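A short worksheet on the structure shown next.
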Amino acid sequence: MGAAHQDLIAIDVLLVPDRAMIDKSISLNAQLRTNYPAGYALDTTRIPHVTLLQRFVPAKDFEAVCAIITNVLDNEPPTAMTLTATSIDSVKFERLAVAVLVVERTPKLVRLHQEITRGCTVLSSRRICGGIR
């Protein structure tokens with residue numbers, strides 16, 4: 001990795017669902033793994049979640065990114081949302097086909113995603129343009 005990229009860190013902004021959805025996901029995962037035991041296993045380190053944003057950010061900006069995300073969450077509290085699984089799909093992850101629950105994209109969920117993405121993008125744009133140091 002080049003020197004210009006050494007100060008980047010990866011962030012994953014996610015929502016952890018309620019206990020009922022976690023338990024259902026783990027149960028479905030266990031059923032699927034009866035046919036393919038080598039499959040992706042949900043456990044205490046790999047929990048079901050809804051990813052809102054994945055990106056690299058400069059390590060020096062981590063606290064600012066956290067502040068932006070906290071502000072968005074204060075204005076759009078995710079605990080007030082109800083997530084509803086609408087179907088099961090699959091994606092490739094770690095060279096495995098992984099079953100995923102697809103959740104309904106409600107206006108509140110979409111707005112939360114957009115606000116977090118917008119806040120982090122604005123910060124990145126200002127940094128790139130030299131407006132914030």
Side-chain angles (χ1 to χ4, degrees):
M1 189 180 324
H5 299 289
Q6 290 180 359
D7 64 341
L8 296 178
I9 60 171
I11 63 168
D12 187 359
V13 181
L14 55 88
L15 298 177
V16 177
D18 66 11
R19 188 80 243 165
M21 188 176 270
I22 289 172
D23 291 344
K24 184 66 173 176
S25 297
I26 291 172
S27 173
L28 289 170
N29 178 254
Q31 290 173 25
L32 291 170
R33 293 187 67 241
T34 60
N35 291 325
Y36 188 67
Y40 188 85
L42 294 176
D43 56 29
T44 58
T45 61
R46 296 189 267 186
I47 60 171
H49 62 275
V50 176
T51 297
L52 295 173
L53 177 70
Q54 290 180 322
R55 70 179 306 156
F56 290 99
V57 297
K60 68 181 186 312
D61 294 342
F62 182 72
E63 294 300 323
V65 168
C66 289
I68 287 167
I69 293 167
T70 298
N71 185 54
V72 170
L73 295 176
D74 286 345
N75 292 318
E76 299 280 345
T79 54
M81 288 187 222
T82 298
L83 300 179
T84 303
T86 58
S87 62
I88 297 177
D89 199 357
S90 66
V91 297
K92 293 280 186 167
F93 183 76
E94 295 179 359
R95 289 178 258 152
L96 291 172
V98 179
V100 295
L101 291 176
V102 177
V103 296
E104 179 182 1
R105 292 181 177 168
T106 64
K108 286 182 181 183
L109 182 60
V110 169
R111 187 171 51 249
L112 180 63
H113 166 74
Q114 289 172 336
E115 290 302 315
I116 287 175
T117 301
R118 184 177 301 117
C120 291
T121 301
V122 166
L123 176 67
S124 295
S125 297
R126 288 180 183 164
R127 298 267 188 223
I128 291 167
C129 297
I132 298 176
R133 291 274 175 210

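Since this is a predicted model, take the numbers as computed values, not measurements. One-based numbering along the sequence shown. Below, all heavy atoms of this structure are taken into account, side chains as well, without hydrogens, waters or symmetry copies.
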Paired with V110, the side chain to side chain contact (heavy atoms under 4.5 Å, CB included) test is passed by just one of K108, H113, Q114, namely Q114
Residue pairs passing the salt bridge (Lys or Arg N to Asp or Glu O under 4.0 Å) test where at least one lies in residues 13-29, sequence neighbours excluded: R19-D23
List in chain and number order the residues that pass salt bridge (Lys or Arg N to Asp or Glu O under 4.0 Å) with R111, two or more places apart in sequence or in another chain; answer none if no residue qualifies. E76
Counterpart residues, ring pair (Phe, Tyr, Trp, His ring centres under 6.0 Å), relative to Y40 (two or more places apart): F93
Can you check whether E104 reaches L109 side chain to side chain, under 4.5 Å on heavy atoms? no
For the student: nearest non-hydrogen atoms of A99 and I88, plus distance: CB-CG2, 4.2 Å
Less than 4.5 Å apart, side chain to side chain, heavy atoms only: is that true for I9 and F56? no
With rounding to the nearest 0.5 Å, note down the distance linking CD1 in I116 to CD1 in I69. 6.0 Å
S90: side chain to side chain contact (heavy atoms under 4.5 Å, CB included) partners, not counting sequence neighbours: none
I'd like to check Q54 versus I11 (side-chain heavy atoms, cut-off strictly below 4.5 Å). Are they in contact? no
What one should report as the nearest heavy-atom pair of D43 and R46 is OD1-N, 2.8 Å
Closest non-hydrogen atom pair between V65 and C120, with its separation: CG1-SG, 3.9 Å
Checking side chain to side chain contact (heavy atoms under 4.5 Å, CB included) against I47, which of V16, I26, L42 comes through? V16
Mind listing the closest non-hydrogen atom pair of V103 and T86 along with its distance? C-OG1, 4.3 Å
Contact between P17 and V50 at the side-chain level, heavy atoms closer than 4.5 Å - yes or no? no
Minimum side-chain heavy-atom gap L53-L14 below 4.5 Å: no
Tell me, please, which residues at least two apart from D74 pass side chain to side chain contact (heavy atoms under 4.5 Å, CB included). T70
Applying the 4.5 Å side-chain criterion to the ILVMFWY set and letting contacts propagate, would L83 and V72 be lumped into a single cluster? yes
Should V57 and L8 count as side-chain neighbours, where that means a heavy-atom distance under 4.5 Å? no
Apply side chain to side chain contact (heavy atoms under 4.5 Å, CB included) to P78 and list each qualifying residue two or more places apart in sequence or on a separate chain. L15, L73, M81, L112
